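All residue numbers in this chain count up from 1 along the given sequence. Order of appearance sets the numbers: ligands from 1, and atoms from 1 within every ligand. Nothing here was measured: the structure is a model prediction, and the numbers come from that model.
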Amino acid sequence: MQSSQERFRVVGGARLAGEVRVTGAKNSVLKTMAAALLAEGRTTLTEVPRIYDTEVMSELLRRLGCQVEYDVEAGTVAIDVPAVIGHRADYDLVRRIRASICVLGPLIARCGEAEVAMPGGDQIGSRPLDFHMAGLTKLGAELESEHGFIVARAPHGLTGATVWLDFPSVGATENVLMAAVLARGTTVIDNAAREPEIVDLVQMLQQMGAKVDGGGSSTLTIEGVDRLSPTTHAIVPDRIVAGTWAFAAAMTRGDVTVRNARPQHLEIALDKLAGTGAVVHGVEDGFRVVMDRRPTAVDAVTLPYPGLATDLQPVVMALNAIADGAAMITENIFEGRFVFASELTRLGAHVRTDGHHAVVRGQPHLSGAPVRASDIRAGAALTLAGLVAQGITHVHDIYHVDRGYPGFDQQLRDLGAEVTRELDPDAGFGG
Ligand code: UD1
């Protein structure tokens, strides 16, 4: 059964207790898979999350001429990259996973040319690619948009340059970084993104023989090399999934230990959680969140890392929906993220949005209703809201959730929740 035809049935009144283990980050897997293209030979990734994105990227790499073995049970992907690879990524795959645009940088670097379909917008906003294009142009690539494709040429190779990003974009930093590692000379990326997934990519590239300094800071300095070697790399744990479990514990007045999590990647989020009244402490290989009362409302502002992740904003809003008091939430990264607020109000939440601000007035109770996931994080947050609502909540379009949370419903059941996956009789209706 396709998850596009499934929904979650969530029984309200859960208290989550027990342990969950987090796997590698969704936001790292596609980039590290794309980075494999930079070296001929076999690159192996471990801690690969069991999500749809990994399958789509495997298919994309196969079409470029690679052999890809994705062992779902073991959580590994082995990628055999031939000496000569294709340079075209088609729309049928790119449109499914927007972030597959991250093959652009490696393809220009390896092939001197690339044709990558433009992914288009999505439910969280327009998501332009101008910073990616400007950065690659600075390195000497000629980029044009033709028939729905970004067509890039660098017949004489790329040359290092200083690239100043207008905004510390994660995707643009990754694309320019992966192009620069094989460019002639030195590239400096200023105002670079500092997310742990960037650090993960930098570490993998270093293992491959790339010369990169400054990972995790706003300035990346890259000394181009002639060739890179394949490697084996364990993907960094998913901080957004870990953060979601932390908020889930607090919302349900639960006691959850999150394993294979790095609390240092979640400092602001866990500090916010402490502000709601939860007790958070580090344990070996992760952290534990215990909550014994109704959460207190907390204000939150999303910002590039190390600020609060926009990907956690929906769970912060869901927690505030049942908190004691009112909170102001400011979304600075994606204008479309508040689409989710209107679904939350179907459960009885009081949310008022104005531009990129939302005021949430906590309610003593939510009440179960049918709701629709508009994106990955919205889907997870609505499921958690269903857990604390009275009665039954059906979350439709859960294929979004499956893109970011491997085995989410099973993990919720393991923690004591009543969540089942069932055929959606309404699938295909109501868009
Ligand atoms: C990545 C994450 C996403 C996360 C986001 C911000 C992946 C697969 N996705 O997305 O989950 O929410 O980082 O942490 O890693 N922008 C431009 N022009 C550009 C590029 C970006 O204007 O060329 C704008 C975007 O519209 C947005 C902001 O910059 O407002 C940040 O986007 P960016 O950091 O690039 O996000 P993604 O890499 O797309």
Side-chain angles (χ1 to χ4, degrees), residues 24-35 49 51-54 56-57 60 94 96-105 116 118-138 143 145 150 163-179 189 191-201 218 235-236 238-241 243-244 265-266 268-269 301-316 330-340 355-356 374-381 400-401 403-405:
K26 167 193 168 287
N27 286 351
S28 222
V29 70
L30 299 187
K31 330 311 173 59
T32 47
M33 286 179 80
I51 53 174
Y52 176 69
D53 292 32
T54 315
V56 176
M57 192 60 169
L60 201 156
V94 176
R96 289 195 233 163
I97 305 293
R98 196 182 180 284
S100 50
I101 192 73
C102 66
V103 295
L104 186 60
V116 179
M118 285 190 275
D122 62 18
Q123 295 262 30
I124 61 170
S126 62
R127 304 184 82 172
L129 296 170
D130 48 340
F131 306 153
H132 301 238
M133 314 269 276
L136 294 169
T137 304
K138 267 281 175 84
L143 289 124
S145 125
I150 296 170
V163 174
W164 212 94
L165 295 176
D166 288 2
F167 185 90
S169 152
V170 173
T173 302
E174 290 163 339
N175 249 331
V176 176
L177 167 64
M178 288 193 276
I189 308 177
N191 201 24
R194 300 165 58 190
E195 270 69 0
E197 294 76 28
I198 302 275
V199 177
D200 194 40
L201 180 61
S218 302
I235 296 174
V236 67
D238 197 312
R239 67 196 160 99
I240 306 299
V241 172
T244 301
H265 292 167
L266 280 165
I268 292 187
V301 178
T302 67
L303 282 171
Y305 191 84
L308 182 76
T310 173
D311 289 358
L312 284 174
Q313 185 261 104
V315 292
V316 177
T330 305
E331 171 56 60
N332 287 314
I333 313 293
F334 289 115
E335 75 266 27
R337 284 264 196 227
F338 284 156
V339 170
F340 150 78
H356 64 128
S374 52
D375 69 57
I376 303 171
R377 313 301 169 189
H400 288 296
V401 182
R403 280 196 49 205
Y405 295 85

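From K26, atom NZ reaches atom NZ of K31 across 7.5 Å, with rounding to the nearest 0.5 Å.
Contacts of R377 with ligand 1, taken as heavy-atom pairs under 4.0 Å, are absent altogether. Of the heavy atoms in L30, none comes closer than 4.0 Å to ligand 1. Using a 4.0 Å cut-off between heavy atoms, V170 contacts ligand 1 through both its backbone and its side chain. Contact annotation: for F131 versus ligand 1, heavy atoms closer than 4.0 Å belong to both the backbone and the side chain. With a 4.0 Å heavy-atom cut-off, ligand 1 is reached by the side chain of D311 but not by its N, CA, C or O. Here K31 has side-chain heavy atoms under 4.0 Å from ligand 1, and that is the only part of it that gets that close. Contacts with ligand 1 closer than 4.0 Å are made by heavy atoms of both the backbone and the side chain of P128. Within the 4.0 Å heavy-atom criterion, the part of F334 lying near ligand 1 is the side chain and not the backbone.
The backbone N or O of I235 sits nowhere less than 3.5 Å from a side-chain atom of D200 that would complete a donor-acceptor pair. With T32 contributing its side chain and L201 its backbone, the two residues share no donor-acceptor pair below 3.5 Å. Between the side chain of N191 and the main chain of L165, a donor-acceptor pair closer than 3.5 Å is present. Looking only at distances, a side-chain donor or acceptor of T54 sits under 3.5 Å from a matching main-chain atom of P49.
Below 4.0 Å from some heavy atom of D130 lie the following atoms of ligand 1, by number and element: 17 (C), 18 (N), 19 (C), 22 (O), 23 (O). Those atoms of ligand 1 with a heavy atom of G171 less than 4.0 angstrom away are 35 (O), 38 (O). Atoms of ligand 1 found under 4.0 Å from any heavy atom of I333 (numbered from 1 in listed order, with element): 27 (C), 30 (O), 31 (C). Interface atoms of ligand 1 facing A99, defined by a heavy-atom separation under 4.0 Å, are 8 (C). Counting atoms of ligand 1 from 1 in the listed order, those under 4.0 Å from a heavy atom of T310 are 6 (C), 12 (O).
Ring orientation note: the planes of F167 and F131 are close to parallel, at an angle under 30° on the 30°/60° scale.
For R337, the closest heavy-atom approach to ligand 1 falls below 4.0 Å.
The side-chain heavy atoms of Q313 and L308, taken from C-beta on, include no pair separated by under 4.5 Å.
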Query raised in the report: Passes side-chain contact (heavy atoms from CB on, under 4.5 Å), V170 versus E197? Steps please.
Result: CA-CA 9 Å; V170 173; E197 294 76 28; 5.6 Å; no

Requested in this report: Using the side-chain contact (heavy atoms from CB on, under 4.5 Å) rule, take R403 and I97 through it: C-alpha gap first, then chi angles, then the decisive distance, then the call.
Outcome: CA-CA 9 Å; R403 280 196 49 205; I97 305 293; 3.7 Å; yes

